[in-house]
Structures are given as C-alpha cells and as structure tokens.
Amino acid sequence: MANVKSTLVRFQSIIALLVLCIVLTVLSDKFFTIENGWNIARQISINVCISVGMTLVILTKGIDLSVGSILAFSGAIAAGVLKYGLEIPPLNAYIGFTLFGTILAGLITGGSLGLFNGWMITKFKVPPFVATLAMLTIARGATMLWTGGFPITGFGLNFSFIGTGWFLGVPMPVWITTLVVVIAVIVTKKTKFGRHIYAIGGNESAARLSGININRVKVWVYAIAGVLAAVGGIMLTSRLDSAQPNAGMSYELDSIAAVVIGGTSLSGGRGSIMGTVQGALIIGVLNSGLVLLNVSPFWQQIIKGFVILIAVIMDRLNYPNED
C-alpha cells in the first residue's frame with residue numbers, strides 16, 4: 001500500500017494531466033487536434049521559461065515576484081535598441097544593434113535585475129518577498145520610462161521569427177523552451193551547483209556547515225531567474241511584434257502556479273524541472289479547454305485559483321511533516 005501511495009504521489013501531475021486531457025477531449029471535438037496541440041505548446045513556452053527560473057528560486061526556499069516586470073523591461077530594452085539603437089548623449093555616440101546584440105541586451109538586462117534581487121537578499125538580508133516585490137515596481141516603472149508609456153512596434157522578419165517562426169516543423173518558441181528545460185535538468189541533476197540548490201532549500205544551516213557558499217548560490221539563482229524572464233520577454237515581444245509597457249502582468253502568478261502544481265514544495269529542497277513543465281502543461285491545457293468550452297474569463301480565473309489551492313493542499317497532505 002505504501003508503494004502504491006508513493007507511486008501515485010510521484011506521478012500525480014502526469015495523472016492529473018491525462019485525466020484533464022481525456023475530459024476535455026470528450027467535451028470538445030476541437031481539443032484533441034494537432035493544431036490545438038501546437039497552440040498549447042506555443043502558449044506555454046513563455047511560462048515554462050519563467051517557471052524554470054522560478055523553480056530554482058523556490059527550491060532555495062525563496063520567491064520571485066518580479067519576473068513579470070523583468071520580462072516586460074527586458075523585452076522593451078531589446079525592442080528599443082533593435083529599432084532605434086542606443087544613443088549615449090555624454091559621448092555624442094549612437095550605437096546600432098544587430099539581432100544578436102539586441103537579444104544579448106535583453107538577456108543582460110534581465111540577468112542584471114535578477115542579480116540585483118539576489119544581492120539585496122543576501123547582502124542586506126531583505127526577505128525575498130519584499131526584495132522582489134520592490135523590483136516588480138521598479139522594473140515596471142523603468143519599462144514605462146523606457147517606452148514612454150507607448151508600445152514599441154515593427155521589428156522586421158528576422159526578429160519575429162523567434163516568436164512566430166517554425167523550424168523542422170516545430171515552432172521556434174518550443175525549440176527555445178526545450179533547450180532551456182534540457183539545460184536546467186542537466187544543471188539540477190548533474191552538477192554541483194544543482195546539488196547545492198537542493199541542499200540550501202532542504203536545510204540552509206546544514207548546507208552552510210558543509211561549506212556551501214549560500215550567498216553566492218542564491219545570487220546566481222536569482223540572476224538565472226532574471227535571464228529566463230528576459231528569454232520569455234524576448235519571445236513575447238517577437239510574437240506580438242510589439243513591446244507593450246504592461247506586458248507580463250500577473251505572469252509571476254502563473255509561474256508560481258506551474259511550479260506548485262508541478263510538485264515543487266514552497267518549503268524548498270524538493271521538486272524538479274520536469275514537474276514544473278508538467279504543471280505548466282496542466283495550466284496550458286486547462287486554459288485551452290476553458291476557451292474552447294466558451295467559459296467566461298472571470299470563471300477561468302476562479303477555476304485556476306482553486307486548482308492552485310488543491311495542488312498546495314495535496315502537497316501538505318503528502319508531506320505533512322514539512323515546515
């Protein structure tokens with residue numbers, strides 16, 4: 001009986017996903033189609049990228065509420081420098097950016113903001129909730145300043161290929177997300193850095209006594225979360241052919257939802273990247289099914305909220321002795 005329970009707990013996300021797919025297939029003849037499958041895959045790509053970074057943060061017993069705003073600012077920086085270049089008045093210099101330079105500018109922006117989060121948390125002992133909540137506001141304000149409150153549009157076919165193109169019959173966002181997931185799985189499962197992440201989340205005091213540099217690991221984790229938010233921002237900007245000042249609103253909530261539904265404990269130290277992918281899939285499938293069934297967007301929010309609650313309750317029932 002114990003083995004059966006252990007197996008059910010281990011595969012509960014997959015079981016929930018299969019049951020959800022079966023129910024939606026019965027209720028809508030448009031759900032189980034190749035076209036809808038690719039639509040779901042494209043739609044969850046951004047959330048998966050953000051959620052991979054969020055998984056690393058939560059594994060260390062932290063939280064990052066700023067990923068949606070970092071996504072928006074990184075996407076806006078990439079869009080701005082691609083379309084207008086970068087003017088530096090003190091030097092009377094104008095720098096034009098190639099597509100590669102544009103992407104790099106966006107990634108550096110996201111990584112820098114994430115690095116700042118990690119620095120505030122480790123250097124000044126600001127609680128992650130407070131530090132990243134402050135960054136949520138800072139990055140959103142910076143996005144408004146950079147864009148002037150107006151969308152930046154019109155980037156050309158090369159940039160739009162990132163978000164809308166296909167390669168070998170697969171959408172580019174899916175390729176990008178797959179690469180992110182593969183790298184993250186290798187890092188968490190096969191490297192010393194990955195083991196340190198789990199050790200810190202499991203017992204920070206023990207990890208410190210064993211010689212792990214807690215602060216350095218945490219700073220890197222938040223920096224990675226920032227970079228992956230920037231990846232999502234670049235994909236979203238490319239897909240829409242527009243950098244919206246209000247892009248990424250509530251994305252942090254969808255990200256946390258994917259991580260929790262995928263079985264990662266908010267207490268830290270337990271969870272997996274593939275579990276998060278399953279959680280994002282559940283959210284994507286649920287969103288698609290509710291749209292196909294013409295469910296009101298207001299009810300969709302309520303249903304998603306209950307799904308998150310159920311996931312947390314299941315986690316507590318399965319691991320009642322965790323803090």
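Hydrophobic clustering, defined by side-chain heavy atoms of Ile, Leu, Val, Met, Phe, Trp and Tyr closer than 4.5 Å, groups Leu115 together with Val219. Other residues sharing the hydrophobic cluster of Val182, ordered by chain and number and joined by side-chain separations under 4.5 Å: Ile186.
More than 12 heavy atoms of other residues, nucleotides or ligands lie within 6.0 Å of CZ in Phe161, so this atom counts as buried by the packing criterion. No more than 12 heavy-atom neighbours from other residues, nucleotides or ligands sit within 6.0 angstrom of CH2 on Trp220. Within a 6.0 Å radius of CZ in Phe159, more than 12 heavy atoms belonging to other residues, nucleotides or ligands are found.
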For residues 287-299, run the donor-acceptor check on the side chains, cut-off 3.5 Å, and write out each pair with its distance to 0.1 Å, sequence neighbours left out.
{"residue": "Asn287", "atom": "ND2", "partner": "Ile283", "partner atom": "O", "Å": "3.3"}
{"residue": "Ser288", "atom": "OG", "partner": "Asn36", "partner atom": "OD1", "Å": "3.1"}
{"residue": "Ser288", "atom": "OG", "partner": "Asn36", "partner atom": "ND2", "Å": "3.3"}
{"residue": "Ser296", "atom": "OG", "partner": "Phe298", "partner atom": "N", "Å": "3.2"}

Atom pairs and distances, side-chain donor-acceptor, residues 170-180, under 3.5 Å, sequence neighbours left out:
{"residue": "Trp175", "atom": "NE1", "partner": "Phe167", "partner atom": "O", "Å": "2.7"}
{"residue": "Trp175", "atom": "NE1", "partner": "Val170", "partner atom": "O", "Å": "3.4"}
{"residue": "Thr177", "atom": "OG1", "partner": "Ser45", "partner atom": "O", "Å": "3.3"}
{"residue": "Thr177", "atom": "OG1", "partner": "Pro173", "partner atom": "O", "Å": "2.8"}
{"residue": "Thr178", "atom": "OG1", "partner": "Val174", "partner atom": "O", "Å": "2.7"}

Show me the donor-acceptor pairs, under 3.5 Å and distance only, between side chains in residues 66-76 and residues at least two apart or in other chains.
{"residue": "Ser66", "atom": "OG", "partner": "Asp64", "partner atom": "OD1", "Å": "2.6"}
{"residue": "Ser66", "atom": "OG", "partner": "Asn117", "partner atom": "ND2", "Å": "3.0"}
{"residue": "Ser69", "atom": "OG", "partner": "Leu136", "partner atom": "O", "Å": "2.8"}
{"residue": "Ser74", "atom": "OG", "partner": "Ile70", "partner atom": "O", "Å": "2.8"}
{"residue": "Ser74", "atom": "OG", "partner": "Gly110", "partner atom": "N", "Å": "3.3"}

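Scanning all heavy atoms of the two residues, the minimum distance from Gly271 to Leu59 falls at N-CD2, 3.8 Å. Of all the heavy atoms in Met235 and Ile162, the pair that sits closest is CG-CG2, 4.3 Å.
In this view, Arg216 satisfies the salt bridge (charged side-chain N to carboxylate O under 4.0 Å, His left out) rule with no residue, not counting sequence neighbours.
Put simply, the side chain of Leu107 reaches to within 4.5 Å of the side chain of Ile234, judged on heavy atoms.
The same ILVMFWY cluster, assembled from side-chain heavy atoms under 4.5 Å apart, contains both Met274 and Ile14. Tracing side-chain contacts under 4.5 Å through hydrophobic residues (I, L, V, M, F, W, Y), one reaches Ile77 starting from Tyr84; they form part of the same cluster. Note on Met249 and Leu253: separate hydrophobic clusters, where clusters join Ile, Leu, Val, Met, Phe, Trp and Tyr whose side-chain heavy atoms are under 4.5 Å apart, directly or indirectly.
Side-chain contact, Glu35 with Thr33: no donor N or O sits under 3.5 Å from an acceptor N or O.
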